[in-house]
Amino acid sequence: MRPDTPAEIVDHTAEAARLERTAGLYPEDAEALLLRAAAHLELAGDRPTATALYDRLLSSTDDLENPHLVRALKASNLWEYGHEAEARAIIEGVRVASPRDPAPWVIVAEALESHDELEAAHDTFTEAVRLLLTDVPQPPQPTRPLLFGRHRVRRMLGRSHDEWDALADTVHSLPITLDELHDPKRVWSLGSENPAELEAEITRLRAELGAYREALSRPFPVAILHWPATELSELLEAYPTLTSEYPSHETHLATIESALRELSTSGTPNLGIVTGTVPSYEAFAASEGSSPADATLLPQYATTLAARGRAVAWPPQQGAACWCGSGQPYGQCHGSTA
């Protein structure tokens, strides 16, 4: 269940508890699972308990994949229930750290924006854009909320367009322009008694909500299992009967790309790839009371990894590295014949 699911459909408190239990079963995925649990708790209005989860992650002896993201989420949550001074201190710490991941920047900038700190939000968005997008020919998908957020704040501040606003316009794909979506006067139209104005505003809001949901919430992907070369060698050495599934590593990689393209052509959305390891697979087989040599376990293992948030979207964004781990851009590797 995704955190954006409406409250009338899901019990957010119960879902948070389920995710915490799952994190206990899969400690290697605890960061992703506990962040989702904290999101459900925030939606349930239990912000102190959400903060406790963020603190649990930050105090963990295990290295976090993205500690700046956890701190940004904690700051945003703290501010929402009256801990403004602590939130500001954490936000400043995130800015000083200059993370290379766009997500923490988006969260702290939007926290400032939501509390009418427009100048500070503008400076934060601008700092992130300059850090992450200078000399980048095509902004990767995860960085686009920075451009859109900066454009929105500048419209509210009455600033004229600059080169970053122009770039935001070029990557914006909705039929309604950014200038329309971010027009400060839109709020006044919500109080209009003119049906045409209200209908136009509803259309704009629907478009904006669609973009927001698309950016922040990805549905459960259809995931295909990928074995790195060393893991596949270890797997086949331990379980030779699986050679019929994986004649060679090159064939395995080609099969993945071919299967994903076929699914894409057939109209299947939200495709992804999960990377397996032999110890993880053996543990999964044991939990199923079966032998790792049983080939029917492989798709179940892939589905389980995807459910634990391990899937990477396919195809990679333009200019991104290939999913196979070669280090080459996707377009020059398995995407070269796309």
Should Val108 and Val153 be regarded as members of a common hydrophobic cluster, given that ILVMFWY residues are connected when their side-chain heavy atoms come within less than 4.5 Å of each other, either directly or indirectly? no
Atom pair CD (Glu237) and CG (Leu232), whose distance is rounded to the nearest 0.5 Å: 11.5 Å
Residues Glu28 and Arg310 bridged, charged N to O under 4.0 Å: no
Can you tell me how far the CD atom of Glu127 sits from the CG atom of Leu132, to the nearest 0.5 Å? 10.0 Å
Residue pair Ile91 / Ala75: nearest heavy atoms and the distance that separates them: CG1-CB, 3.8 Å
Shortest non-hydrogen contact from Ser160 toward Asp165: O-OD2, 3.9 Å
Would you please say whether a donor-acceptor pair under 3.5 Å links the side chains of Ser280 and Tyr301? yes
In terms of hydrophobic clusters joined by side-chain contacts under 4.5 Å, are Leu242 and Phe284 together? yes
Distance only, no hydrogens: is a donor on one side chain within 3.5 Å (strictly under) of an acceptor on the other, for Asp179 and Thr177? no
With side chains defined as the heavy atoms from C-beta onward, is the minimum distance between Glu31 and Asn66 less than 4.5 Å? yes
Just do the side-chain contact (heavy atoms from CB on, under 4.5 Å) check on His122 and Arg159 with the steps written out, would you? CA-CA 10 Å; His122 174 266; Arg159 306 282 178 86; 3.4 Å; yes
Whether the side chain of Ser60 engages the backbone of Arg56 through a donor-acceptor N/O pair (distance < 3.5 Å, no angle test) should be reported. no
Show, in sequence, the C-alpha distance, side-chain angles and deciding distance for His12 and Asp46, and conclude whether the side-chain contact (heavy atoms from CB on, under 4.5 Å) test is met. CA-CA 10 Å; His12 289 293; Asp46 191 357; over 6 Å; no
Do Asp162 and Arg150 have side chains that get closer than 4.5 Å, going by heavy atoms? yes
Is it possible for you to say whether Leu297 and Leu225 belong to one hydrophobic cluster, with membership spreading through side-chain heavy-atom contacts below 4.5 Å? yes
How close do Thr277 and Glu231 get, counting heavy atoms only, and between which atoms? CA-OE1, 3.5 Å
Between Tyr246 and Leu235, is there a side-chain heavy-atom distance shorter than 4.5 Å? yes
Is there a path of hydrophobic side-chain contacts, each under 4.5 Å between heavy atoms, that joins Leu57 and Val94? no
Are the side chains of Trp227 and Thr275 in contact, using a 4.5 Å heavy-atom criterion? no
Check the pair Phe125, Glu110 against side-chain contact (heavy atoms from CB on, under 4.5 Å), reporting the backbone distance first and the verdict last. CA-CA 9 Å; Phe125 276 126; Glu110 289 186 347; 4.0 Å; yes
Report the distance from atom CD of Glu245 to atom OG1 of Thr251, rounding to the nearest 0.5 Å. 12.5 Å
Taking all atoms of both residues into account, what is the closest heavy-atom pair of Ala103 and Leu69, and its distance? CB-CD1, 4.0 Å
Strictly below 4.0 Å, N to O, side chains only: are Glu84 and Arg88 in salt-bridge contact? yes
Parallel, tilted or perpendicular, judged at 30° and 60°: which one describes the rings of Tyr330 and Trp314? perpendicular
Gap between atom NE2 of His172 and atom CG of Leu167 - 0.5 Å precision: 13.5 Å
What's the separation between atom CG in Leu178 and atom OG1 in Thr170, rounded to the nearest 0.5 Å? 9.5 Å
What is the minimum heavy-atom distance between Ile107 and Ser76, and which atoms define it? CG2-CB, 4.0 Å
Find the distance between OH (Tyr26) and CG (Leu33) and round it off to the nearest 0.5 Å. 9.5 Å
State whether the side chain of Tyr281 and the backbone N or O of Gly276 hold a donor-acceptor pair below 3.5 Å, judged by distance alone. no
Considering only heavy atoms from C-beta outward, does the side chain of Trp79 approach that of Glu86 to under 4.5 Å? no
Can you tell if the side chain of His334 reaches within under 4.5 Å of the side chain of Ser326, non-hydrogen atoms only? no
Search all heavy atoms of Gly335 against all heavy atoms of Arg261 and return the closest pair with its distance. CA-NH2, 3.8 Å
Are Val222 and Leu298 connected in a single hydrophobic cluster, I mean Ile/Leu/Val/Met/Phe/Trp/Tyr linked by side-chain heavy atoms less than 4.5 Å apart? no
Going by heavy atoms in the side chains, are Val136 and Thr143 under 4.5 Å from each other? no
Quiz question: by atom type and distance under 3.5 Å, do the side chains of Trp323 and Glu257 form a donor-acceptor pair? yes
Show your working on side-chain contact (heavy atoms from CB on, under 4.5 Å) between Leu253 and His226 and close with a plain yes or no. CA-CA 7 Å; Leu253 298 182; His226 161 235; 3.6 Å; yes
Are any non-hydrogen side-chain atoms of Leu236 and Tyr239 less than 4.5 angstrom apart? no
